[in-house]
J.: 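Have a look at this one before I ask anything.
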Amino acid sequence: MPGELHALVGPSGSGKTTALRTIAGLSNAQTGKIECDGSIWFEANEIQGITTALSPAQRSCGFLFQQYALFPHLSALENVCIPLYNSVAALSDRKSLAQEWLDRMGIGELSDRMPHQLSGGQQQRVALARALARSPKILLLDEPFSAIDAPTRQSLYKTLAQIRKDLNIPILLVTHDLREADLLADRITVIDQGVGLQTAPPKVLFERPRNSRVAELVGINNKFEGVFTAGKLSWNGCQRIFNVVDKGKIPPDTPVAWVIPADGLSLEITKSPTSIEVVVDHVSAIGQIAVIQLRTIEGHHTVVWEASAAEVKRLSIEASKVFHLEIDSSKIHIMPLRQINDPRRFIAFEGAA
Amino acid sequence: MDIDALLLSLKLALWTLALILPFGIWVAHALQGMSKGRSWIEAALALPLVLPPTVLGYYLLVGFGGKSIFGIPLVFSFTGILIASLIVNLPFAIQPIQRAFEAIHPEIREAAQVSGLSQWQTFRLIELPLAWRGITSAAVLTFAHTLGEFGVVLMVGGAIPGETKTVSIAIYDKVQSFDTSGAGMLSLVLLGTSLIAITLSYGVFGRQTNRARNLERRV
C-alpha cells in the first residue's frame, strides 16, 4: 500500500533478501507475478515460463543495500547524480536535484566527499539519497541499519520516518531485528524457508502469532502446549484450566500451542485461587532489567519472566525461592500445534507493492 | 645505435597496445558473466604464458604459410609479427583487466542497474573507471613485454631490418657479431624503457585511481 512500511522478518536463509532482489529484478523467480502501481514487472507460470521480466533499470525501484554499495570512484553528489543520468533534465538541474536530496538527508555539505571519506551513517544517507533520487515507485531496504552503530541508527530511523511522510510510496524493509521491525513497520511478514507464514501489524503478530513456528520466529519465550475444548484450555501436566476465547475454529480436544505475552504474567509472594506455584531457577540481571527463569512445581514447565530491578528487589527474588505466578488468561493466545502449510510463496504478499 | 630497430619495436608495441587493449577489455568483461566453458577459454588465453616462444612461433609460421591479409604476406612481415605479438600478449593484456573486473563487488553493478543505468552505461560509467588500474597494468605489461619479445618474433619475422628486426633481435645480432658496445647500448635503452613503464604503472597510475573521475564529471 502506498506509504506503508512493510517489514520482512525471518531467520537467515529464509528468503527475505531473495524476495527483495526478485522485486528489484536482480533475481528472477520461477513462477509468480510482481505488479507495482498498475504495471507488471514480472510474470511467470509453470506452463509458459517467464512471460514478462523488466530489467532492474526499467523497474523504478529504489534499493538500499546493506553495505551501501556506493560507487567508490564518485563523490557523494556524483553518486546521487547517477540515477538521474538518463533524465532529460540539463546537467546543472540534475546536479541541483542531487544536491537537494543530499540536503534532505542532512549531508548537503559533504557532497564533494568521496565515499571512503564518509562514516557508515553518512554513506548510508548518500545511498538513501541515491535510492530516492529517481523518484522510485517503491523503496526496498535490505537490512540497511545492520552495519551502523546504535546512535546513528536512531537518527536514520528519524530520517526514514520523515521520508515516509514526504513520499507516498510503499517501503519494504528486510530485517532480522524484530525490535526494529516492531518500531518501524506498519505490517510485518514473517518468512521461513521462502514461505510467508503470517502478515500482520506488529502488535497482532507478537500477541497473536498464527502458529507455533511464527511464535518461535518472533521470539516469544513463553510457548506451551495444552488441550483446548470449548473455551477451556488445560495446560499439559498441570491441573490449572484457563478460560480462553477463540473464534470457534478449533474443534474439541485439540492439542494446541499457546503463548502468553510478557504483560500477561505477574509474580506474587502470596497464594491466590488462580495462581500457580513456581520456583525460581535462575535470575540474570541485564542493566535495569532482570530475566527470571521460573519452573512450575506442577508439570515442571519453564516460564521466562522479565522484571525491573525494582520489582526484583521488592519481591526479593532469588534462586530456589518459591513464588505464585498469575497468568492473565485473557491474554493467552492459542494456535494449532501442526504447522499451517501456507501455500503463499513469498512473492504473494508483495502485492502490497 | 640501431635506431631503426628501436623505432620498429616501439611501433610494434604501440600497435599491439592499440589493438589488444580494447579486445582485452571486451574479453575480460565478457568472461565475468560466463559460467559454461569459462575455464576452457581462460586456459586457452593463458596458453601463451606457458608455451615456449619457439613452439608458438613454429605453429604461427606453419599456420601463416603463404597466406596474406589485404595482399600483405604474413610471414617475414610487420603484419605477421604484429599478429604474433597480439597472440603472445593475450594473457598479459587480459588477466590484469579480468582481475580488476572481478574485484568490483557485485553489489556495485547491481546498484548501477537499480539506479536505471543500462548495461553499456554501467560498463562505461562504473566498471571501466573502477577497472582502470587493471587496464593500466595490462597496458604496461603488454608494452614492456612486446619490446622484449624475441623468440616468436624471430620465428615468424626473421630479422629483416626496418620490417621485422626488433630491438631484441638487434641485440642478439650485435652480440653474435661481437658488437658488445652496440648490444649494451640497446639493452640499456630497453632496460630504461621497461623501468619507466613499470614505474609509471606502480607509481603515477597506481595513485591516480580516479583517472576516470574526469569522465565522471559529465554525469
Side-chain angles (χ1 to χ4, degrees), chain A residues 17 20-21 23-27 41 54-75 77-87 90-92 94-95 98 112 114-116 123 126-142, chain B residues 25 28-30 32-36 96-139 201 204-219:
Chain A
T17 298
L20 219 56
R21 291 174 58 83
I23 295 169
L26 298 171
S27 305
W41 286 358
L54 298 191
S55 71
Q58 292 170 314
R59 293 196 186 196
S60 181
C61 56
F63 199 111
L64 195 59
F65 293 87
Q66 192 177 350
Q67 296 296 331
Y68 329 124
L70 292 181
F71 307 124
H73 60 302
L74 301 180
S75 69
L77 185 72
E78 288 164 340
N79 261 280
V80 185
C81 276
I82 283 284
L84 304 168
Y85 188 75
N86 289 318
S87 140
L91 176 61
S92 58
R94 281 187 263 154
K95 279 193 171 175
D112 284 335
M114 301 303 287
H116 71 270
Q123 286 190 46
V126 175
L128 191 54
R130 184 181 68 182
L132 293 167
R134 205 161 56 119
S135 305
K137 289 182 176 164
I138 183 170
L139 181 60
L140 307 171
L141 312 173
D142 185 11
Chain B
I25 292 170
H29 191 260
Q32 294 298 299
M34 199 178 273
S35 49
K36 277 184 186 171
I97 302 175
Q98 199 186 343
R99 297 290 96 81
F101 280 133
E102 278 171 359
I104 301 172
H105 198 281
E107 275 193 359
I108 298 282
R109 286 190 187 88
E110 291 175 350
Q113 287 173 40
V114 293
S115 294
L117 296 189
S118 66
Q119 285 196 341
W120 167 245
Q121 288 168 338
T122 301
F123 172 72
R124 191 167 59 86
L125 299 172
I126 309 297
E127 293 175 287
L128 206 54
L130 288 175
W132 189 252
R133 274 191 195 206
I135 296 168
T136 309
S137 296
S201 167
V204 181
F205 289 125
R207 276 188 221 107
Q208 195 185 352
T209 53
N210 297 316
R211 153 76 175 75
R213 275 178 56 86
N214 298 330
L215 184 145
E216 296 312 317
R217 294 291 174 198
R218 283 184 274 135
V219 170

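Just so it is clear: chains get the letters A, B, ... in the order the sequence lines come, proteins before strands, and each one is counted from 1.
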J.: Let me know if A:Gln58 has heavy atoms under 4.5 Å from chain B in its side chain, its backbone, both or neither.
T.: neither

J.: Against A:His73, only a single residue in B:Leu130, B:Leu125, B:Ile108 fulfils side-chain contact (heavy atoms from CB on, under 4.5 Å); can you say which?
T.: B:Leu130

J.: Is it the backbone or the side chain of B:Gln119 that comes under 4.5 Å from a heavy atom of chain A, or both, or neither?
T.: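 Neither; nothing under 4.5 Å.
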
J.: Calculate, to the nearest 0.5 Å, the distance between atoms CD and CG belonging to B:Glu107 and A:Leu26 respectively.
T.: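 These two atoms lie 9.5 Å from each other.
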
J.: Taking only heavy atoms into account, what residues of residues 126-136 of chain A are found under 4.5 Å from chain B?
T.: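 Heavy-atom contacts from residues 126-136 of chain A to chain B are A:Arg130, A:Arg134.
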
J.: Do the non-hydrogen side-chain atoms of A:Gln67 and B:His105 ever get within less than 4.5 Å of each other?
T.: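 No, their side chains stay 4.5 Å or more apart.
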
J.: Nearest heavy-atom pair of A:Ala69 and B:Ala111: which atoms, and what distance?
T.: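 So the two residues come closest at O-CB, 3.6 Å.
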
J.: Identify which part of A:Leu70 has an atom lying under 4.5 Å from any heavy atom of chain B, answering side chain, backbone, both or neither.
T.: backbone

J.: For B:Ile126 and A:Ile82, what are the C-alpha separation, side-chain angles and deciding distance, and is it a side-chain contact (heavy atoms from CB on, under 4.5 Å)?
T.: CA-CA 10 Å; B:Ile126 309 297; A:Ile82 283 284; 4.1 Å; yes

J.: So does B:Glu102 have more than 12 non-hydrogen atoms from other groups sitting under 6.0 Å from CD?
T.: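 Yes.
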
J.: Between atom CG of A:Asp142 and atom CD of B:Glu110, what is the distance when rounded to the nearest 0.5 Å?
T.: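 So the CG of A:Asp142 and the CD of B:Glu110 are separated by 10.0 Å.
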
J.: Mind listing the closest non-hydrogen atom pair of B:Leu117 and A:Asn86 along with its distance?
T.: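 Taking every non-hydrogen atom into account, CA-ND2, 4.3 Å.
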
J.: Just give me the residue among B:Gly116, B:Ala112, B:Ser115, B:Ser118 that pairs up with chain A most often, heavy atom to heavy atom, under 4.5 Å.
T.: B:Ser115

